[in-house]
Amino acid sequence: MRDVMRRNEMKHDEIKKHGSGEDLRAALRAIDGRGYPAYKSLAGTYICPGYQLVIEHVQGDPFASPSAVGVLLSPAESGLPAWTHETKARRTVSEDVLTRAFAAAAEEVSFHAGGSGKSGLIGSSRPGQEVLERTCCHIGDDGSVTFHLRMGFPADGRRVRARSLEKMLFEFLPSIVQRSLTFGGAGEKTLRSACDLADDREAVLAALKEKGAVAFIADGSVLPRESGVSQRPLPHAVRFESPDSLAATLRLPHRGEVRGMLIRKGITLIVGGGYHGKSTILNAISLGVYPHIAGDGRELVVTDPTAVRIRSEDGRSISCTDVSPFIGHLPDGSDSVHFLSPNASGSTSQAANVSEALEAGAKTLLIDEDTSATNFMMRDALMNAVVPRESEPITPFISRIGDLKKAEVSVILVAGSFGAYFKVADTVIRMDAYRASDVTEKAKEAVRACGCEVPEAADPWHLPSFDRRPLPCRELLGDRVKMKNLGLEGFLAEREKVDLRYVGQLIDAEQSETLASCLLWLGRNAFDGKRTLRECVCLLMEKLEREGLSSLSHGTVPLIAMPREQEIFAAVDRYRRLRMQREK
Ligand code: ADP
Ligand code: MG
C-alpha cells in the first residue's frame with residue numbers, strides 16, 4: 001500500500017517536495033493571501049512528529065472535491081501489536097476501528113477552520129453497521145498504518161487562507177491522528193473486543209461449513225432496525241431465541257458456548273402472519289454475509305457468504321441470460337436460453353435474477369414473498385384447469401425448488417400465503433409475535449390432511465448455462481469514460497444508469513463506487529467476446545486479491561469499499577450497454 005501510494009504521488013501531482021513539517025509551515029505562510037492555485041505547490045511528503053504527511057492532490061478551487069491527503073504511521077508510531085492484524089478478518093476489523101475513530105475525531109473539528117465552499121472540511125470514510133474492507137485505512141504486515149483522508153483547503157473567496165490550513169494541519173490533524181490511528185488512541189479494549197468478535201464470527205463460519213448449514217442466528221440477537229431509514233438496532237426489540245429443535249450450541253474462541261438457530265442446507269420456509277417479523281429475520285440473514293459492529297444486534301447472525309437475495313425487478317434489462325429453467329416458449333417467440341430484454345417483466349426479471357445468482361456462485365437463495373412476482377412463485381390447480389399449461393411459459397419456482405436442492409443450492413423463503421411450499425420444505429419456521437417456532441411437523445401434517453399438489457415442471461431440469469461472453473463495449477473504452485456514483489441507487493457510466501436499487505446486499509455508497517470502477521476495468525481488460533462473464537469476473541477478483549482495491553484507480557487513492565463478487569456480477573448484469581454472445 002505504501003508503494004501504491006508512492007506510485008500515486010509520482011503520477012499524480014508530480015510531487016517533488018519532500019521536507020519537514022516546518023518546511024511545510026514555511027511554504028504555507030509564503031502563499032498566504034495568494035490566488036487559490038498557489039496551494040498546488042504544497043503537494044509533497046512531509047515528516048511530521050508522529051507520522052508522515054502526504055499531500056497527494058490539491059483541489060482546484062474551494063468548491064471542488066476536497067484535497068486528498070495521506071497519513072503514514074510507521075510501526076513504532078502506530079504501536080499496533082501483531083494481534084490486531086494477524087488474520088485477514090482481524091486486519092479488516094482493526095482497520096474499521098481506526099476508520100470509525102478517525103471519523104468521530106474529525107467530525108469534532110471539521111469545518112471549524114472556516115472559509116468559503118468546502119473550506120475546513122476534514123473527513124474520510126464513514127462506515128455504517130457493517131464492517132467492510134476499505135481503501136481509506138490499511139494496516140501493513142509490520143503494523144504500519146496508511147490512512148487516506150480529504151481536506152477542504154480553506155479560502156477567503158478564492159484566496160489562500162494559510163492560517164486556517166496551518167491550524168488544520170498542525171493543530172487538528174495531529175490530535176485526530178493521535179486519538180484514532182495509534183494503538184493508544186484507538187484503544188486496546190476496543191481493538192481487542194473487535195478482534196475477538198471477528199475471531200468468533202470466523203468460528204461460526206467454520207461451524208456452518210462443518211455442520212452443513214447456511215445460516216446461524218445467535219440467541220439474544222436483535223434483528224429489527226430502528227426505522228426504514230436507520231440501520232441501528234430497534235430499542236426494546238424482542239430478542240431472538242431459537243426453538244429447541246433447531247438449536248445448536250457452538251463453541252466460540254472468545255464468547256465460549258453460544259446457542260442459536262442453525263438453518264441447514266436445503267429448503268427452509270419462514271411463515272407467519274403479517275407483521276410478525278418474517279421479513280425482518282430474512283433481512284438480517286441477507287446482511288449476515290457481512291460482519292457487523294459490536295452493539296449492532298446482528299454480530300452473530302452469520303450467513304453463507306455466497307447467499308444472494310432474489311426479488312422481482314420489473315423494468316430491468318437482461319442480456320443473454322439463460323432463463324430457460326423457468327421460462328419456456330414466450331408468445332413473441334423470443335429465445336429464453338439467450339434471453340434479451342430492455343424491460344423485463346416481474347417474473348422474467350426474477351427468473352433472470354435466479355440464473356444470474358447461480359452464475360455468480362450463489363449456493364443459497366434468499367426470497368421474500370413480499371418482493372416476488374406471484375406468477376413466478378406459484379400457480380394453483382384452478383388456474384391450471386382454465387389456462388392450459390402449454391400456453392403458460394412460466395415454470396413456477398415451486399416446481400423447480402427441488403431441482404435446485406439437488407444441485408446443492410439452498411433456499412430460505414419467506415412465505416405468508418403459499419402453503420403449497422410446505423410440501424417441498426425441509427424445515428418450516430413460524431414467526432409469531434417475533435418469536436420463532438419449529439412447525440415443520442405441523443406443516444407436513446397439514447399437507448397430508450388437506451392434500452397438496454406441486455405441479456410438475458413440463459421440461460426436465462437443467463442448470464442454466466453460464467457461457468455468456470461479453471463483447472467489447474465501445475462506451476467503456478474511450479479515453480475519459482465518466483463514471484458518477486449515485487450511492488445505493490447505483491452509478492452512471494457515460495450517462496447510462498446502472499440501477500442497483502434492488503440489489504439488496506449492496507449496503508454502502510463506497511461499494512457502488514467500486515462497482516463502477518470494476519465495470520470500467522472489466523470493459524478495458526476483460527470483455528473481448530471470448531472470455532465468459534465468469535472468466536472476466538474471475539480475472540478481476542484475482543487482480544483485486546493480488547493488488548488490492550486501490551489498484552482500480554491510477555490517480556489519487558479513491559475512498560472505496562469492497563463489494564462481494566456477487567454484487568460485481570449484479571452490476572455488470574444491469575449495465576444496459578453491454579452485449580453478450582454465446583458462441584466464441
Ligand atoms: P412481516 O414480514 O412478517 O410482515 P416484518 O418483518 O416486516 O413483518 O415486521 C413488522 C414490524 O415489526 C416491523 O416494523 C419490524 O421492525 C417489527 N419487528 C420485527 N421484528 C421485531 C422484534 N423482534 N421486536 C420488535 N419489533 C420487531
Ligand atoms: Mg414481510
Side-chain angles (χ1 to χ4, degrees), residues 128-130 215-244 246-247 258-263 267-290 292-303 307-314 346 350 353 364-378 397-398 411-422 425 427-440 442-443 501-505 507:
Q129 296 297 105
E130 287 81 18
F216 178 78
I217 306 178
D219 283 359
S221 294
V222 175
L223 308 184
R225 299 294 96 190
E226 191 172 56
S227 75
V229 292
S230 161
Q231 281 295 303
R232 297 157 74 92
L234 178 74
H236 315 299
V238 176
R239 287 173 178 267
F240 185 81
E241 200 187 321
S242 172
D244 286 335
L246 303 176
V258 173
R259 182 183 180 276
M261 183 167 82
L262 204 59
I263 299 184
I267 301 166
T268 304
L269 224 57
I270 299 173
V271 303
Y275 221 67
H276 279 265
K278 304 184 298 298
S279 298
T280 301
I281 188 171
L282 191 75
N283 290 341
I285 293 170
S286 301
L287 296 184
V289 299
Y290 298 113
H292 287 90
I293 51 169
D296 172 83
R298 298 167 297 183
E299 297 93 312
L300 289 179
V301 179
V302 181
T303 307
V308 171
R309 188 68 184 253
I310 302 291
R311 56 168 293 156
S312 81
E313 195 180 341
D314 50 335
Q350 195 161 357
N353 285 350
T364 307
L365 305 179
L366 308 171
I367 305 180
D368 193 334
E369 186 188 284
D370 286 0
T371 48
S372 291
T374 313
N375 59 342
F376 176 74
M377 298 306 293
M378 252 314 281
F397 191 70
I398 191 165
V411 179
I412 303 176
L413 172 68
V414 166
S417 57
F418 300 145
Y421 276 91
F422 289 160
T427 307
V428 185
I429 299 163
R430 176 174 171 208
M431 296 305 291
D432 184 25
Y434 318 129
R435 286 171 216 284
S437 58
D438 179 358
V439 295
T440 312
K442 204 167 170 182
R501 274 176 305 163
Y502 299 121
V503 178
Q505 291 153 301
I507 46 152

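Predicted model, so just to flag it, every value in this text is computed and none were measured. Atoms within a ligand are numbered from 1 in the order they appear, just like the ligands themselves.
Residues lining ligand 1 at a heavy-atom distance below 4.0 Å are given as Pro224, Leu234, Ala237, Val238, Gly273, Gly274, Tyr275, His276, Gly277, Lys278, Ser279, Thr280, Tyr434, ordered by chain and residue number.
Not one N or O on the side chain of Tyr502 forms a donor-acceptor pair closer than 3.5 Å with the backbone of Ser312. Although no hydrogens or angles enter the test, the distance criterion places a donor-acceptor pair under 3.5 Å between the side chain of Ser221 and the main chain of Ala218. No donor-acceptor distance shorter than 3.5 angstrom exists from the side chain of Glu130 to the backbone of Tyr290, with no hydrogens or angles considered. The closest donor-acceptor contact from the side chain of Thr364 to the backbone of Val411 lies at 3.5 Å or more, if one exists at all.
For the Mg ion (ligand 2), protein N, O or S atoms closer than 2.8 Å were enumerated as Ser279 OG, Asp370 OD2, with waters left out.
Test Ile217, Leu287, Ile293 against Arg298 for side-chain contact (heavy atoms from CB on, under 4.5 Å) and you get one pass: Leu287. Checked against Ile429 for a side-chain contact (heavy atoms from CB on, under 4.5 Å), the options Ile412, Asp438, Thr268 give a single hit: Thr268.
Within 6.0 Å of CZ in Arg435 there are 12 or fewer heavy atoms belonging to other residues, nucleotides or ligands.
Counting all heavy atoms, side chain and backbone alike, Ser242 lies closest to Gly260 at CB-C, 3.6 Å. Of all non-hydrogen atoms in Val258 and Leu300, the two that sit nearest each other are CG1-CD1, 4.2 Å.
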